[in-house]
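So the structure is just underneath, and the comments pick up after that.
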Amino acid sequence: MFNLMKLLHRSLSSLPNSSLQTLLPIPQLCSNGRLQEALLEMSVLGHNMGFHDYDALLNTCVNKRALREDQRVHAHMIKTLYFPSTYLRTRLLILYGKCDRLQDAHKVLDEMPEKNVVSWTAMISRYSQTGHSSEALTVFAEMMRADGKPNHFTFASVLTSCSGLSVGKQVHGLIIKLSYDSHVYVGSSLLDMYAKAGRIEEAREVFECLPERDVVSCTAIITAYAQLGLDEEALQVFQKLLSQGMSPNYVTYASVLTALSGLALLDHGKQVHCHVLRRELPFYAVLQNSLIDMYSKCGNLSYARRLFDNMPETERTSVSWNAMLVGYSKHGLVKEVLELFRLMRDEKRVKPDSVTLLAVLSGCSHGRMEDTGLSIFDGMIAGDYGVKPDTEHYGCIVDMLGRAGRIKEAFEFVKRMPSEPTAGVLGSLLGACRVHVSVDIGEYVGRRLIEIEPENAGNYVILSNLYASAGRWEDVNNLRAMMLRNAVTKEPGRSWIQHEQTLHYFHANDRTHPRREEVLAKLKEILIKMKQAGYVPDHSCVLYDVDEEQKERMLLGHSEKLALTFGLIATGDGISIRVFKNLRICVDCHNFAKIFSKVFERKVSLRDKNRFHQIVGGVCSCGDYW
DNA sequence: GTAGGGTTAG
């Protein structure tokens, strides 16, 4: 036997290379990455293919994401009447799934005479990963009906597709019943499900109950807070976990940067940036994108652009482009928005998506270019950009036209929306009706808005203000009664300013800041200078029916005026003052800030809910249009 | 052979 092998080997060595290769077994060819030769051998072997040959071939195909080769192997099985085991069929399924042939994968699953937990789970996870939630849930339901026992892999996958709270809770019940609730993969998916349903307390509880934590579960809870806008809480949790020894990865940093952008904490953002560079984390587009967004939301646009320009072209995703476009849009730099959008289209490397068009349209809106916005919208309908307008795009146009005083056109757009307009859309139209005193449309819109959002005090106040301007006092009174009946809430306005590593918050008519007395005294003092320089309190910004004196007191109590005054006290001559506000700035505060910048020779940078206002020498970058 | 957290908009 030994001699024979030696002889064989000698004879093979004398053959040309190609003949030698065909005689190697398929598993060996595959492990050397010689897939094409292995396939050739498959045809030669015909009916003599065995389990290990198929297994090796499919394994190599998965690694190479080789769809055509996979199809050849599959066809060969059918042609030679080979009956693959559940294991091999599952491999086929996974391969089709990874090549984005979900229908083919599903067909393989359907045709399996016997399915096991891995085959079910592979299908569910692929549907989940590609965003096909309802398909994932359907397969999961089918699995349960077929008495397939889900495991921790299954639950971690299926929870990603549970966007509705009731479905998520049902699955949670099942997880507890089968004792998978302390599994760390299942736990992070579970807490994420609760967070996405807006249930932060439940998410927190899942996290607290986990017997072991890893970087993913820690990141998930930080992200949960950040995504719900609870930025300070997100940072607190991050800090605590850091002190407990968590080692953040690039996803953690991306989430932390989101929270920092929300609070406009530029210095902290820079620290994270330095940290990332020092740790020499590999280049991840996600992280670069968060950095671009952080710098632009903190008002440092040129830095954001530098990061964008330094990204290798092949690494830039639509998110990179969008983050940059949104940055320009929020700064009212419509020329830059349109230029970058043109560059994106010329490059053709990354396709514009729905967020891209939203950023471009809102750029036109902020930059007072309604006709350009409208023609881009028409282009979307004509199919010029490969993105069809959805509700959000219609909403953006409604906002743009309303702001420009083209109320009737805005109203026509509301009627043309493909689905019911959201409260946000109607709210912006109602606001526009008030500014441009359009009573008929305003009444209709306001009534509908109150039906949808009866708890929002702002809606009643604006509509009643509109009635008042038309002298319809009876309607004003009715509305007031209605408002008192429905327990109403309004998001309280607050502004903040950073000074020496501390965030100073001010609320309307602040009673919490330790230096409020000092701030109020200073405000009274500067008011004299301000009035001399032409500041006239704009009483129309007070939406309550009170006397003139009280109106002025209410105006002075607005949080951004308090924050500006604090900035003046706390910083030296000529230093820029950066203030941030959670709501939109009102006309009176905007006017105040402009005159403030002129009188005290300070550059004021004010970021409100929607955009930036860079004010120098009494002139604002928004052109008094926001 | 099957798994979780992710950046942009509103």
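A note on names: the letters A, B, ... follow the listed sequences, proteins ahead of strands, and every chain is numbered from 1.
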- Message: Taking ring pair (Phe, Tyr, Trp, His ring centres under 6.0 Å) as the cut-off, I'd like each qualifying pair that reaches into residues 204-246 of chain A, sequence neighbours left out, listed once.
- Response: none
- Item | Sugar-phosphate, base or nothing in reach of A/Ser128, heavy atoms under 4.0 Å | nothing
- Item | Presence of salt bridge, A/Arg448 and A/Glu420, under 4.0 angstrom | yes
- Message: When you compare the side chains of A/Thr252 and A/Thr219, does any donor N or O come within less than 3.5 Å of an acceptor on the partner?
- Response: yes
- Would you indicate what A/Thr219 reaches in the nucleic acid, counting non-hydrogen atoms under 4.0 angstrom: base, sugar-phosphate, or nothing? base
Compile the donor-acceptor pairs under 3.5 Å between side chains in residues 170-183 of chain A and protein atoms, sequence neighbours left out, one pair per line.
unit_1: A/His172; atom_1: ND1; unit_2: A/Tyr194; atom_2: OH; d: 2.7
unit_1: A/His183; atom_1: ND1; unit_2: A/Tyr185; atom_2: N; d: 3.1

- Message: Over all strands shown, is A/Thr90 touching base, sugar-phosphate only, or nothing at heavy-atom distances under 4.0 angstrom?
- Response: base
- Task: Give A/Lys330 one of three labels, base, sugar-phosphate or nothing, depending on what nucleic acid heavy atoms sit under 4.0 Å from its own.
- Result: sugar-phosphate
- Query: What nucleic acid atoms does A/Thr86 come within less than 4.0 Å of, heavy atoms only: base, sugar-phosphate, or nothing?
  - Reply: base
- Message: Base, sugar-phosphate or nothing for A/Tyr250? Non-hydrogen atoms, less than 4.0 Å.
- Response: base
- Task: Name the nucleic acid region contacted by A/Val215, choosing base, sugar-phosphate or nothing; use a 4.0 angstrom heavy-atom cut-off, strictly under.
- Result: base
- Message: Expected output is a numbered-order residue list: members of residues 226-235 of chain A with a heavy atom under 4.0 Å from any atom of DNA chain B. What is it?
- Response: A/Gln227
- Query: Looking for any heavy atom pair under 4.0 Å, which part of the strands does A/Lys115 touch: base, sugar-phosphate only, or nothing?
  - Reply: nothing
- Message: Need one value for A/Asn249: base, sugar-phosphate or nothing, where a base atom within 4.0 Å counts as base even if backbone is also close, heavy atoms only.
- Response: base
- Task: Check every strand shown and say whether A/Lys196 touches a base, only sugar-phosphate, or nothing at a heavy-atom separation below 4.0 Å.
- Result: sugar-phosphate
- Test: A/Arg416 cationic atom under 6.0 Å from A/Phe413 six-membered ring centre, within 45° of axis: yes
- Message: Need one value for A/Asp214: base, sugar-phosphate or nothing, where a base atom within 4.0 Å counts as base even if backbone is also close, heavy atoms only.
- Response: base
Taking distance alone, no hydrogens or angles, what donor-acceptor pairs closer than 3.5 Å link side-chain atoms of residues 99-106 of chain A to residues at least two apart or in another chain?
unit_1: A/Asp100; atom_1: OD1; unit_2: A/Arg126; atom_2: NH2; d: 3.3
unit_1: A/Arg101; atom_1: NE; unit_2: A/Asp104; atom_2: OD2; d: 2.9
unit_1: A/Arg101; atom_1: NH2; unit_2: A/Asp104; atom_2: OD2; d: 3.4
unit_1: A/His106; atom_1: ND1; unit_2: A/Tyr127; atom_2: OH; d: 2.7

- Base, sugar-phosphate, or nothing: which does A/Ser290 touch, judged by heavy atoms less than 4.0 Å apart? sugar-phosphate
- Checking all strands, does A/Asp353 fall into the base, sugar-phosphate, or nothing category for heavy-atom contacts under 4.0 angstrom? nothing
- Do we see a donor-acceptor contact under 3.5 Å between the side chains of A/Thr356 and A/Asp353? yes
- When we call it a touch if two heavy atoms are under 4.0 Å apart, what does A/Ser217 touch: a base, just sugar-phosphate, or nothing? base
Distance-only donor-acceptor pairs under 3.5 Å for side chains of residues 268-276 of chain A, two or more places apart:
unit_1: A/His273; atom_1: ND1; unit_2: A/Tyr295; atom_2: OH; d: 2.8
unit_1: A/His275; atom_1: NE2; unit_2: A/Tyr253; atom_2: OH; d: 3.4

- Answer with yes or no after comparing the ring centroid distance for A/Phe341 and A/Trp321 against a 6.0 Å cut-off, counting only values under it. no
- 5' to 3' contact window, DNA chain B with chain A (heavy-atom distance under 4.0 Å): B/dG1 to B/dG10
